[in-house]
Amino acid sequence: MALNYRKCAEDIFACLGGKENIASVAHCATRLRLAIVDSKKVDEKKLENVEGVKGVFTSNGQLQCIIGTGTVNKVFDEFLSITGLSAGTKEDVKAAAAANMSIPKRMIKALGDVFVPILPAIVASGLMMGLVEALAKALPGFAASDWFAFLDMVANTAFAYLPVIVAVSAARVFGGNIFLGAVIGLAMIHSALTNGWNAANGYDVWYLFGHIKFGTYTLGQINQLGYQGHVIPVMIAVWLMSKVENWLHEHVPEMLDLFVTPLTTVFVTLLLTFTVIGPVFSTAETWVLSAARQLITIGYGIGALIMGAIYPCTVVMGLHHMYNVIEAGLLASADFGNLNIWMPIASAANFAQFGACLAVGMKAKSSKTKAIAIPSSLSAALGITEPAIFGVNMRFTKPFVCAMIGGAIAAMFGSWFGLGATAYGVTGIPGYLTVNNPLMYTIMLAIAGGIAFALTMVFWKEEGAVETKNEALAIPTETIMSCDKGEIVQPVNGEVICASQIPDPMFSAESMGPSVGINPIEGKIYAPVDGVVTMVFPTNHAIGITSDTGMEILIHIGVDTVNMEGKGFTGFVKQGDTVSKGQLLIEFDSMKIEEAGYSDCVIVALTNGFDCNEVEKVK
């Protein structure tokens, strides 16, 4: 009996808690995708029992109802008719779903979204800074040369103006004007301000609203201090800017919008940034630095252990440059033998980031991940960890945690053996030029990098990345599934995996019918049977074929690749075409799928398998 599409849509809608609880709706080749405002209002058990719905699950903040190929689009049309909602794109649903994530998840996602596009700049600069610094320490004459001055300028440009780069990227992520974002970033490192790295030498202040005292705080006092090297305050400022700008666009008359909105946005954002966001962050810096000074003096290496663990977290906050104040104080203090005992802690933490990042680079199958991780790890070994932290370790989470563990243990070891340095501002391999015990320093670095490397190799697993090989391969002929109606040949070259290993809850549960997955090694999909093309999704990421013997087969390329909107996919057949076994149907680019953050696992499902007899699978 044919499915009543309208009734199916009505029953689905009845389970969702009303129209106002639906932020956005779209569909892909097999499922209805909804961004829900309040998930508690959704009756999932009732939804699972709706006729026509083969399964329900939540993924990345989206409620997904599995309906099936050739049916979901018809139910979707009826759903729009019933609810009066407008059809959204997959990106609309994705954005709406992200808005419903928990605050910590949204913050981590935002940080990743901001930093991934600027990775090439900070990776290149970080590696070059480390190399130039190492040469300067090894060759004193080189440090005084014009070549050093030139190379140092080229190398540190991205870090000297990091707030501007971050501001532009953040404006894109938060929906603001990227040029206004650039203005905010530039203002925060304006040449009229004291460079943030020289804050310890003092700075002037402005009093915009007089000298109204609230305890030790003066209302309206603005520190004439730049935010070089900072990340968090810049992102907060640009987030605020985007909110102010978008509000003004909605409320300012169109004829005045061009003049009023940019002017008001920049003024309000910078006033609040320098009066509230900046001072609050500066206070946080003071607390962190004071705590750090106290911690490293705790006996038995416990203080070093704690700081070795949390040091990379302060790098994320942009606080690490301020540690120079502590180091200078240690060098001037006879209590510590005029040794900088902070340097070994920082070196242990940085070298652990190197070890974790190197492990990612060696273990990853994605050539893009390797291309970022390997040079980033070298930069970390030379003491510049931002590329490794932001570009790799924190992005994948587990390597970051593994590095914290390695750094903590190594820092405690360094404290036990009284490691210290005769200078500050240098860590990692260049640290050999200033450390008091090179042998123990070597062992400490080995502990830091070795533990982080080993833990990352054990606990980090790359999700769904398989390298696409360039060489032409023979058309696959192995049978992957059979039933009383015939055999299904492997449609793509690669490793066949069982359904439970497919990185998608719908297909791993075989909700669409008996299924297998294939980790592809070539981006070509061939017809697995003789038959007729019954469906080709517009994005070419999924295709349905009915064999001459009556088998209904769905081939789905990747997981959530519908969000790529066809980029990286090329189709060679259309609906209604007759195809022969081994005929090229679709070409896809695994690298683009990986770059978009999705698995390229190819799923083959016998969608009418429950009506077939003697169904057997190779996996």
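- The shortest distance between side-chain heavy atoms of Ile36 and Lys41 does not fall below 4.5 Å.
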Problem set entry | Derivation and outcome, side-chain contact (heavy atoms from CB on, under 4.5 Å), residues His541 and Met564 | CA-CA 9 Å; His541 78 286; Met564 296 176 64; over 6 Å; no
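- With hydrogens and angles ignored, the 3.5 Å screen pairs no side-chain donor or acceptor of Lys485 with any backbone N or O of Thr549.
- Ser508 is linked by a side-chain hydrogen bond (donor to acceptor under 3.5 Å, both in side chains) to nothing, counting only residues two or more places apart in sequence or in another chain.
- Scanning all heavy atoms of the two residues, the minimum distance from Thr578 to Gln583 falls at O-OE1, 4.1 Å.
- Side-chain contact between Arg6 and Ser81 is present, with heavy atoms from C-beta onward closer than 4.5 Å.
- In this structure, a donor-acceptor pair under 3.5 Å is present between the side chains of Glu487 and Thr479.
- Partners of Gln575 by side-chain hydrogen bond (donor to acceptor under 3.5 Å, both in side chains), not counting sequence neighbours: none found.
- Remark: Ala9 pairs with Val75, Glu78, Phe79, Ile82 by the side-chain contact (heavy atoms from CB on, under 4.5 Å) rule, at least two apart or across chains.
- The minimum heavy-atom distance between Ile475 and Gly582, with the atom names listed, is CD1-O, 3.5 Å.
- For Thr71, there are no side-chain hydrogen bond (donor to acceptor under 3.5 Å, both in side chains) partners at least two apart in sequence or on another chain.
- Between Glu254 atom CD and Thr261 atom OG1 the span is 11.0 Å, to the nearest 0.5 Å.
- Under the 3.5 Å distance criterion, the side-chain polar atoms of Asn49 are matched with a main-chain donor or acceptor of Lys45.
- Looking at every heavy atom in both residues, Ser515 comes nearest to Ile603 through CB-CG2, 4.5 Å.
- Residue pairs meeting the side-chain hydrogen bond (donor to acceptor under 3.5 Å, both in side chains) criterion with at least one partner in residues 602-615, sequence neighbours excluded, are absent.
- Between Phe76 and His27, the angle of the ring planes lies from 30° to 60°, which puts this pair in the tilted group.
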Problem set entry | CA sep, side-chain torsions, deciding dist, call: Leu63, Leu16, side-chain contact (heavy atoms from CB on, under 4.5 Å) | CA-CA 10 Å; Leu63 178 67; Leu16 301 179; 3.8 Å; yes
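- Applying the ring-ring contact (aromatic ring centres under 6.0 Å, His included) rule to pairs touching residues 558-577 yields nothing, sequence neighbours excluded.
- Between Pro262 and Leu180, the closest side-chain pair of non-hydrogen atoms falls below 4.5 Å.
- Formation of a donor-acceptor pair under 3.5 Å by the Ser169 side chain with backbone atoms of Val166 is not found in this model.
- Closest of all the heavy-atom pairs between Val559 and Tyr598 is O-CB, 3.4 Å.
- When side chains are defined from C-beta on, Lys524 counts as touching Leu584, because their heavy atoms get closer than 4.5 Å.
- Remark: Phe179 CZ is loosely packed, at most 12 non-hydrogen atoms of other residues, nucleotides or ligands lying under 6.0 Å away.
- Lys74 NZ to Cys8 SG: the interatomic distance, rounded to the nearest 0.5 Å, is 12.5 Å.
- Atom OG of Ser376 sits about 13.5 Å away from atom NZ of Lys370, to the nearest 0.5 Å.
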Problem set entry | Trace of the side-chain contact (heavy atoms from CB on, under 4.5 Å) decision for Cys357 with Phe396 | CA-CA 10 Å; Cys357 191; Phe396 294 126; over 6 Å; no
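- Rounding to the nearest 0.5 Å places CD1 of Ile67 at 11.0 Å from CE of Met506.
- Minimum interatomic distance between Ile22 and Val37 (heavy atoms only, all atoms of both residues): N-CG2, 4.3 Å.
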Show me the donor-acceptor pairs, under 3.5 Å and distance only, between side chains in residues 235-249 and residues at least two apart or in other chains.
unit_1, atom_1, unit_2, atom_2, d
Ser242, OG, Val238, O, 2.9
Glu245, OE1, Asn177, N, 2.9
Glu245, OE2, His249, NE2, 3.3
Asn246, ND2, Ser242, O, 3.0
His249, ND1, Asp257, OD1, 3.1
His249, ND1, Asp257, OD2, 3.0

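- For the atom pair Phe13 CZ and Asn21 CG, the distance stands at 9.5 Å (nearest 0.5 Å).
- The CD1 atom of Ile518 sits 8.5 Å away from atom CD1 of Ile555, with the distance rounded to the nearest 0.5 Å.
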For this session: Start with the C-alpha gap between Glu51 and Asn4, add the side-chain angles, then the distance that decides, and say whether side-chain contact (heavy atoms from CB on, under 4.5 Å) holds.
Result: CA-CA 9 Å; Glu51 184 179 358; Asn4 185 326; over 6 Å; no
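- By the 4.5 Å heavy-atom criterion applied to side chains, Val25 and Thr83 are not counted as neighbours.
- For Phe507, the ring-ring contact (aromatic ring centres under 6.0 Å, His included) partners at least two apart in sequence or on another chain are His556.
- Side-chain atoms of Thr456 come within 3.5 Å of backbone atoms of Ala452 as a donor-acceptor pair (strictly under, hydrogens ignored).
- Listed by first and then second residue, the salt bridge (Lys or Arg N to Asp or Glu O under 4.0 Å) pairs that reach into residues 496-515 are Arg31-Asp504, Glu510-Lys617, sequence neighbours excluded.
- With salt bridges taken as basic N to acidic carboxylate O contacts below 4.0 Å, one links Asp560 and Arg33.
- Side-chain atoms of Asn540 do not come within 3.5 Å of backbone N or O of Ile586 as any donor-acceptor pair.
- For Lys574, the side-chain hydrogen bond (donor to acceptor under 3.5 Å, both in side chains) partners two or more places apart in sequence, or in a different chain, are Asp577.
- You'll find the side chain of Val168 stays beyond 4.5 Å of the side chain of Arg172, heavy atoms only.
- Ile553 places a side-chain heavy atom less than 4.5 Å from the side chain of Val604.
- A side-chain hydrogen bond (donor to acceptor under 3.5 Å, both in side chains) check over residues 525-535, counting only residues at least two apart or in different chains, returns nothing.
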Please table the atom pairs, donor to acceptor, closer than 3.5 Å between any side-chain atom in residues 488-503 and protein atoms at least two apart or in another chain.
unit_1, atom_1, unit_2, atom_2, d
Gln490, NE2, Val492, O, 2.8
Gln490, NE2, Gly494, O, 3.1
Asn493, ND2, Ala474, O, 2.9
Asn493, ND2, Glu522, OE1, 3.1
Gln501, OE1, Cys498, N, 3.4

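- For the residue pair Val53 and Cys65, the shortest heavy atom distance occurs at CG1-CB, 4.5 Å.
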